[in-house]
Number of protein chains: 2
Amino acid sequence: MNTNVDIENFILDFSNSCQKKQKKNFSKNEVVTTYIKNRNQLCILLDGHADLVRYDLNGNRTIVEHFSKNALFGEVFYTITTNNELLVEAKSNCTVLFYIYDDIFHKCRNNCKFHQNLSENLPQLILNKVTDLNMRIELLTQRSTRDKLLRYFSLLSTRNLSKTFELPFSLTDLADYLSVDRSAMMRELKLLKEDGLIEKVGNRIILLYK
Amino acid sequence: MNTNVDIENFILDFSNSCQKKQKKNFSKNEVVTTYIKNRNQLCILLDGHADLVRYDLNGNRTIVEHFSKNALFGEVFYTITTNNELLVEAKSNCTVLFYIYDDIFHKCRNNCKFHQNLSENLPQLILNKVTDLNMRIELLTQRSTRDKLLRYFSLLSTRNLSKTFELPFSLTDLADYLSVDRSAMMRELKLLKEDGLIEKVGNRIILLYK
DNA sequence: TATTTTCCGTTGCAAAAGCAACACATTATG
DNA sequence: CATAATGTGTTGCTTTTGCAACGGAAAATA
């Protein structure tokens with residue numbers, strides 16, 4: 001079921017017709033939003049790339065999610081239970097729509113075209129998010145750094161329909177995304193190269209197995 | 001926004017009125033379903049507890065998700081990209097509704113009460129799942145076994161509104177849920193006790209800090 | 001109730017991952 | 001363009017984790 005076209009149109013409608021929204025642009029490295037208890041914000045990334053980042057008390061930085069076009073984020077999706085900072089950082093110039101989730105559903109009682117579109121399309125958008133999160137969990141449940149790398153590469157390879165692909169992260173960020181120590185990850189990358197499983201040219205990875 | 005009552009009613013409606021469904025009972029340890037490519041099944045757990053379990057090629061068992069009342073699962077939420085076995089195992093007697101996702105949305109073009117309810121309530125149900133998955137990711141991104149345990153305990157404590165709570169897992173299963181070695185986890189549990197951070201009486205944990 | 005199976009708790013040893021530090025390359029920025 | 005900031009690649013050492021194995025407790029089952 002390819003719903004991409006539907007979703008494109010829906011988001012356009014959404015971004016043009018809803019009153020209770022804000023549309024903002026951000027440049028690279030700007031903070032798009034910080035997660036705040038009880039605010040219940042819902043955001044749609046119209047364009048660009050951004051990361052949800054957590055800074056914990058040990059000083060570790062974790063990239064919790066990586067967002068690209070049409071990704072959803074905001075407190076609606078996240079029950080905040082710690083004092084860890086959670087922020088969304090723009091990784092490129094990007095455009096974001098902001099809503100308060102409760103508004104959307106209160107207005108849903110009216111029968112306007114916009115809200116009809118909304119209730120038809122939001123499930124699919126959220127569903128995409130769920131599958132993303134499940135892929136993320138599959139990554140994180142790999143027991144070793146090596147397996148995390150291989151799983152991640154295999155995912156990118158599938159997504160690109162090619163054994164060759166660009167990393168969407170710097171290596172430093174990749175470590176924060178896999179939730180491992182950077183130097184340990186570099187060591188493992190070297191081993192993967194030595195074992196002839198991958199090649200790495202700059203930002204480009206080539207899978208050599210299977 | 002408390003939507004629990006709505007969702008209860010919706011699920012009742014759902015389970016009584018939809019033609020293209022199956023309702024089945026399972027007893028403890030039975031396999032509820034196996035994830036199969038391109039089937040696109042959607043399941044609702046009406047009652048009981050069940051786990052989504054992955055067996056990987058290294059022989060590791062991972063509890064990917066833990067489901068309780070009203071949880072959603074099935075291939076709709078999961079893009080299968082490996083040959084790892086993914087199965088849902090009943091952890092107690094349970095009742096499950098089975099649908100094929102595509103059917104649900106094709107029928108949505110009609111205006112029957114059931115599908116109106118569906119499109120109103122499914123987003124909220126899925127949203128609950130998203131927040132669950134995000135909590136899961138927060139757990140898995142903890143860098144050490146110790147932090148995973150503490151984070152998990154803190155979650156259960158918040159959920160129970162008490163520093164004392166029952167583990168919903170056997171210790172063996174808990175290790176598979178945190179994606180760590182069981183013996184290493186036991187060692188860490190012992191250290192937590194020795195450091196005076198927790199007490200453990202049978203299946204019951206008592207948090208001693210803060 | 002007897003017996004098999006699963007789970008708990010522990011340990012020694014090996015392997016993996018984290019930490020800290022550094023040099024060098026690359027990329028931003030005044 | 002000069003300089004600062006950030007990212008890459010590497011290494012020695014320490015700590016954590018995983019593995020294998022075992023005995024006993026508890027639970028399921030015949």
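Proteins come first, then strands; the chains are lettered A, B, ... in the order of their sequence lines, and each starts at number 1.
The CG-P distance, from Leu192(B) to dT16(D), rounds to 12 Å in whole Å. In this structure, OH of Tyr177(A) is placed 18 Å from P of dG7(D), rounded to the nearest angstrom. Across the protein-nucleic acid pair, Asp181(B) atom CG and dT10(C) atom P stand 15 Å apart, rounded to whole Å. Ile63(B) has its CD1 atom 10 Å from the P atom of dC7(C), to the nearest Å. If you measure from atom CD of Glu188(B) to atom C1' of dT15(D), you get 11 Å, rounded to the nearest angstrom. The nearest whole Å value for the distance from the CZ atom in Arg146(A) to the P atom in dT17(D) is 21 Å. A straight line from CG of Leu189(B) to C1' of dT11(C) spans 16 Å, rounded to a whole angstrom. dG18(D) atom C1' lies 15 Å from atom CE of Met186(B), rounded to whole Å.
Between the side chain of Tyr99(A) and the backbone N or O of Cys43(A) there is no donor-acceptor pair closer than 3.5 Å.
Across dC19(C), dT8(D), dC7(C), the shortest atom-to-atom separation from the side chain of Leu171(A) is found for dT8(D). Here the side chain of Arg182(A) is nearest to one of dT10(C), dT17(D), dT8(D), namely dT8(D).
Closest-nucleotide positions on DNA chain D for Thr145(B) and Lys193(A) were compared, and the one nearer the 5' end corresponds to Lys193(A). Both Arg143(A) and Asp173(A) sit near DNA chain D, but only Asp173(A) has its closest nucleotide nearer the 5' end.
Remark: the Ser183(A) side chain and the dA20(C) base include a donor-acceptor N/O pair separated by less than 3.5 Å. Contact of Arg187(B) with dG18(D) (side chain to base): a donor-acceptor pair of N or O atoms is detected under 3.5 Å.
Note that CD of Gln41(B) and CD1 of Ile100(B) are 5.0 Å apart. Values are rounded to the nearest 0.5 Å.
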Between Tyr177(A) and Lys148(A), does the side chain to side chain contact (heavy atoms under 4.5 Å, CB included) criterion hold? Intermediate values first, please.
CA-CA 10 Å; Tyr177(A) 185 70; Lys148(A) 285 183 181 176; over 6 Å; no

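The shortest distance between the side-chain N/O atoms of Lys190(A) and the OP1/OP2 oxygens of dT11(D) is below 4.0 Å. Proximity of Thr172(B) to the phosphate of dC8(C): a side-chain N or O atom is located under 4.0 Å from OP1 or OP2. Between Lys200(A) and dG9(D), a side-chain N or O to OP1/OP2 separation shorter than 4.0 Å is present.
Heavy atoms from other residues, nucleotides or ligands lying under 6.0 Å from CG of Asn83(B) number 12 at most.
Taking the charged nitrogens against the carboxylate oxygens, Asp181(B) and Arg143(A) have no contact shorter than 4.0 Å, which rules out a salt bridge.
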